[in-house]
Participant: 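Below you will find the structure I want to go over with you.
Letters A, B, ... are given to chains in the order of the sequence lines, protein chains preceding strands, and every chain is numbered from 1. Predicted model, so just to flag it, every value in this text is computed and none were measured.
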2 protein chains.
Amino acid sequence: MPKDVPELLKGTLDLLILKTLEAGPMHGYAIARSIEQATERALQIEEGSLYPALYRMTNRGLLEFEWGRSTGNRRIKSYRLTPNGRKRLKSEQANWCRFTQAVARVLGEQPA
Amino acid sequence: MPKDVPELLKGTLDLLILKTLEAGPMHGYAIARSIEQATERALQIEEGSLYPALYRMTNRGLLEFEWGRSTGNRRIKSYRLTPNGRKRLKSEQANWCRFTQAVARVLGEQPA
DNA sequence: GTCATATACTTAGACGTTCTATGTATGACC
DNA sequence: GGTCATACATAGAACGTCTAAGTATATGAC
């Protein structure tokens with residue numbers, strides 16, 4: 001979401017969240033931090049994008065959550081992948097690969 | 001735009017158009033065909049996305065066009081890059097690289 | 001003890017891009 | 001004359017993200 005990566009996040013945020021949760025349950029705020037850290041701040045996840053995305057994905061049966069407490073004793077919603085979420089992760093990751101390879105072909109790079 | 005590459009195109013269509021026009025002037029319909037062919041149909045550019053994008057980019061000074069005739073003697077708008085369009089192509093291509101590398105890090109692939 | 005800061009979640013409204021769907025017009029071919 | 005591919009146009013909806021505001025609580029500094 002930084003100014004230099006304008007619209008590119010669209011359609012990719014779900015994939016990033018799914019992939020981050022593959023490692024194990026995590027709460028929303030921690031998901032955003034994890035992605036930011038993994039990308040060395042190249043991707044920054046706004047809360048106004050993050051939480052709506054978590055709702056969407058929960059409503060679609062990709063995630064479930066339970067209320068809990070963080071190590072700092074705060075109320076958190078601990079999210080985890082559902083079986084459907086896992087399937088979706090696989091398919092979205094495959095789509096992402098196909099898409100980036102297609103773009104790479106237009107950009108004139110060597111195909112993978 | 002095929003169902004399996006749902007939102008991913010967002011923010012990337014401009015880059016694809018700019019890159020396609022780097023090779024030389026082309027009209028809208030041909031741009032779409034060129035991208036589809038280069039990606040072996042992996043990316044399909046809808047006319048309802050294409051023409052609004054061309055207007056946007058023209059209004060922003062990235063493209064200019066002149067009316068002409070195709071080899072089949074049809075009226076066409078022949079688009080070409082402006083100097084600003086060339087600059088934009090460079091920066092968008094750089095953004096795209098940074099973005100895909102960031103996503104790759106989250107997905108656990110080897111960085112480039 | 002109170003103030004600033006980081007954590008953690010929520011949500012309304014705006015924005016921009018893409019898609020669906022439809023329309024026009026023309027040339028080529030049978 | 002009918003069908004198909006070419007070529008451009010555009011209204012309206014759908015969707016995801018962002019801006020910006022809000023609530024609440026724990027921690028550490030002073």
Side-chain angles (χ1 to χ4, degrees), chain A residues 1-18 25-37 43-60 62-63 65-79 88 92 95 99 103, chain B residues 1-18 25-37 43-60 62-63 65-79 92 99 103:
Chain A
M1 156 285 153
K3 282 83 192 146
D4 53 331
V5 185
E7 316 283 337
L8 297 178
L9 196 56
K10 301 213 174 185
T12 310
L13 181 55
D14 288 12
L15 170 59
L16 295 172
I17 291 172
L18 290 168
M26 203 179 293
H27 65 279
Y29 198 79
I31 293 171
R33 288 286 170 286
S34 171
I35 294 174
E36 288 173 9
Q37 187 186 339
L43 299 183
Q44 255 154 299
I45 311 302
E46 301 302 323
E47 302 194 313
S49 312
L50 173 70
Y51 292 112
L54 291 172
Y55 295 151
R56 262 201 318 274
M57 297 166 77
T58 302
N59 287 335
R60 291 174 186 174
L62 305 177
L63 307 181
F65 69 88
E66 52 185 0
W67 285 101
R69 290 276 164 179
S70 71
T71 54
N73 202 34
R74 292 163 196 281
R75 291 180 80 232
I76 60 172
K77 278 168 103 168
S78 184
Y79 286 93
R88 183 62 146 268
E92 289 221 6
N95 286 341
F99 179 69
V103 174
Chain B
M1 155 284 153
K3 282 83 192 145
D4 53 331
V5 185
E7 317 284 338
L8 296 178
L9 196 56
K10 299 214 175 184
T12 309
L13 181 55
D14 288 12
L15 171 58
L16 294 172
I17 292 173
L18 290 169
M26 203 178 294
H27 65 278
Y29 198 80
I31 293 171
R33 286 287 169 288
S34 171
I35 293 174
E36 288 173 10
Q37 187 186 340
L43 299 183
Q44 254 154 300
I45 310 303
E46 300 303 323
E47 302 193 314
S49 311
L50 173 71
Y51 293 112
L54 292 173
Y55 295 150
R56 260 200 319 272
M57 296 166 77
T58 303
N59 288 335
R60 290 173 186 174
L62 305 177
L63 307 181
F65 69 87
E66 52 184 1
W67 286 101
R69 289 277 164 180
S70 72
T71 53
N73 201 35
R74 291 163 196 281
R75 292 178 79 232
I76 60 171
K77 279 167 102 168
S78 183
Y79 285 93
E92 289 221 6
F99 179 68
V103 173

Participant: Restricting both atoms to N or O, compile the protein contacts to nucleotides 27-30 of chain C shorter than 3.5 Å, with distance only.
Facilitator:
unit_1: dG27(C); atom_1: O4'; unit_2: Arg74(B); atom_2: NH2; d: 3.3
unit_1: dG27(C); atom_1: N3; unit_2: Arg74(B); atom_2: NH2; d: 3.4

Participant: Quickly work out the Leu13(B) CG to dT17(C) P distance and round it to whole Å.
Facilitator: 10 Å

Participant: Which residues pass the side chain to side chain contact (heavy atoms under 4.5 Å, CB included) test with Pro52(A), sequence neighbours left out?
Facilitator: none

Participant: Check every atom of dA7(D), dA8(C), dG16(D) against the side chain of Ile76(B) and return the nucleotide holding the closest atom.
Facilitator: dA7(D)

Participant: Write down the distance between CD (Glu46(B)) and P (dA7(D)), rounded to a whole number of angstrom.
Facilitator: 17 Å

Participant: Of all residues at least two apart in sequence or in a different chain, which pass the side chain to side chain contact (heavy atoms under 4.5 Å, CB included) check with Glu47(A)?
Facilitator: Tyr29(A), Tyr51(A)

Participant: What distance do Met26(B) atom CE and Ile31(B) atom CD1 have between them, rounded to the nearest 0.5 Å?
Facilitator: 6.5 Å

Participant: Got a second to check how far His27(B)'s NE2 is from Arg74(B)'s CZ, nearest 0.5 Å?
Facilitator: 9.5 Å

Participant: Specify the angle, to 10°, made by the local axes at the two ends of the helix from dG1(C)-dC30(D) to dC30(C)-dG1(D) when five pairs are taken at each end.
Facilitator: 20°

Participant: What is the distance, rounded to the nearest whole Å, between atom CE of Met26(B) and atom P of dT6(D)?
Facilitator: 15 Å

Participant: Without swapping roles, check the side chain of Ser49(B) against the backbone of Ile45(B) for a donor-acceptor pair under 3.5 Å.
Facilitator: no

Participant: Expressed in angstrom and rounded to an integer, what is the separation of Leu43(B) atom CG from dC19(C) atom P?
Facilitator: 10 Å

Participant: Please step through side chain to side chain contact (heavy atoms under 4.5 Å, CB included) for the pair Met57(A) and Leu18(A), ending with a clear verdict.
Facilitator: CA-CA 9 Å; Met57(A) 297 166 77; Leu18(A) 290 168; 3.5 Å; yes

Participant: Which atom pair, heavy atoms only, marks the closest approach of Thr58(A) to Leu54(A)?
Facilitator: OG1-O, 2.7 Å

Participant: Taking only side-chain N and O atoms of Arg75(B), does any of them lie within less than 4.0 angstrom of OP1 or OP2 on dA25(C)?
Facilitator: no

Participant: Quick one: list whatever passes salt bridge (charged side-chain N to carboxylate O under 4.0 Å, His left out) with Glu36(A), sequence neighbours left out.
Facilitator: Arg33(A), Arg41(A)

Participant: Using modelled atom types only, decide if a donor and an acceptor are shared between the side chain of Ser34(A) and the backbone of Ala30(A) within a distance under 3.5 Å.
Facilitator: no

Participant: Residues two or more places apart in sequence or in another chain: which of them pass side chain to side chain contact (heavy atoms under 4.5 Å, CB included) with Leu15(B)?
Facilitator: Leu107(A), Leu89(B), Glu92(B), Gln93(B), Trp96(B)

Participant: Of all residues at least two apart in sequence or in a different chain, which pass the side chain to side chain contact (heavy atoms under 4.5 Å, CB included) check with Ala53(B)?
Facilitator: Leu13(B), Asp14(B), Ile17(B), Arg56(B)

Participant: Distance check needed: dT18(C) C1' versus Leu50(B) CG, whole Å only.
Facilitator: 12 Å

Participant: Provide, to the nearest angstrom, the distance between the CD1 atom belonging to Ile45(B) and the P atom belonging to dA7(D).
Facilitator: 17 Å

Participant: Each nucleotide N or O in nucleotides 10-13 of chain C that has a protein N or O under 3.5 Å away: list the pair and distance.
Facilitator:
unit_1: dT10(C); atom_1: OP1; unit_2: Lys77(A); atom_2: NZ; d: 3.0
unit_1: dT10(C); atom_1: OP2; unit_2: Tyr55(A); atom_2: OH; d: 2.4
unit_1: dT10(C); atom_1: OP2; unit_2: Lys77(A); atom_2: NZ; d: 3.4
unit_1: dT10(C); atom_1: O5'; unit_2: Tyr55(A); atom_2: OH; d: 2.8

Participant: When you compare the side chain of Arg69(B) with that of Arg75(B), does any pair of heavy atoms fall below 4.5 Å?
Facilitator: yes

Participant: Without decimals, in angstroms, what is the distance between Asn59(B) CG and dG16(C) P?
Facilitator: 13 Å

Participant: Please give, in whole Å, the distance from dG16(D) P to Asp14(A) CG?
Facilitator: 7 Å

Participant: dT6(D) phosphate, OP1 or OP2: any side-chain N/O from Ser70(B) under 4.0 angstrom?
Facilitator: no

Participant: Just to be sure I understand the geometry, which residues of residues 28-36 of chain A put a non-hydrogen atom under 4.0 Å away from DNA chain C?
Facilitator: Gly28(A), Tyr29(A), Arg33(A)

Participant: Let me know which of Trp67(A), Tyr55(A), Phe65(A) forms a ring pair (Phe, Tyr, Trp, His ring centres under 6.0 Å) with Tyr79(A).
Facilitator: Phe65(A)

Participant: Considering all heavy atoms of both residues, which atom of Gly28(B) and which atom of Leu50(B) are nearest to each other, and what is their separation?
Facilitator: O-CD2, 3.3 Å

